[in-house]
Engineer: 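Here's a structure for you.
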Amino acid sequence: MTEPQEMTDPIARAALESVRAFNAAIDRLGLPAVTPACELTQLDRLVRKYPEAARKSLQLYDQKNRPQPGNRPF
């Protein structure tokens, strides 16, 4: 994600600063404070930051978990 240009809207600027503060707090808390919500937030941040890597990971996951034609139990 690229940094936005100069924002003139004070509400947008405050919201962006809140998001940055929230992300910094998550980073400071580290692993001992990890909850499912925190993990999802961190995952969301990574997917937004590295969309191509996330897409490739999902493709590899799908290929790995797709049943093979010769491996059916019946």
Side-chain angles (χ1 to χ4, degrees):
M1 187 184 291
T2 60
E3 286 295 315
Q5 295 179 355
E6 179 66 26
M7 277 196 237
T8 57
D9 182 7
I11 295 173
R13 200 173 345 166
L16 182 60
E17 188 54 39
S18 295
V19 169
R20 287 182 181 151
F22 177 67
N23 288 335
I26 289 172
D27 290 339
R28 278 193 308 274
L29 291 173
L31 290 177
V34 172
T35 64
C38 184
E39 288 176 343
L40 288 173
T41 302
Q42 290 172 336
L43 178 61
D44 179 67
R45 289 171 57 199
L46 287 173
V47 168
R48 289 174 191 269
K49 189 172 183 177
Y50 305 106
E52 286 299 317
R55 191 174 296 113
K56 183 65 177 176
S57 293
L58 286 174
Q59 288 171 351
L60 292 172
Y61 180 81
D62 284 344
Q63 288 173 359
K64 182 180 132 190
N65 291 320
R66 188 174 298 139
Q68 300 300 318
N71 293 344
R72 294 191 180 161
F74 298 101

Engineer: Taking CD1 in I11 as the centre, count heavy atoms belonging to other residues, nucleotides or ligands within less than 6.0 Å. Is the count above 12?
Structural biologist: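 At most 12 heavy atoms, drawn from other residues, nucleotides or ligands, come within 6.0 Å of this atom.
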
Engineer: Is the closest side-chain heavy-atom distance between R55 and Q59 below 4.5 Å?
Structural biologist: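 Answer yes - side chains close enough.
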
Engineer: Can you measure from CZ (R45) to OH (Y50) and round to the nearest 0.5 angstrom?
Structural biologist: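 Between atom CZ of R45 and atom OH of Y50 there are 10.5 Å.
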
Engineer: Report the distance from atom CZ of R48 to atom CG of L43, rounding to the nearest 0.5 Å.
Structural biologist: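 R48 atom CZ to L43 atom CG measures 10.5 Å (nearest 0.5 Å).
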
Engineer: CZ of R13 to OG of S18: how many Å apart, nearest 0.5 Å?
Structural biologist: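 The OG atom of S18 is 12.5 Å from CZ of R13, to the nearest 0.5 Å.
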
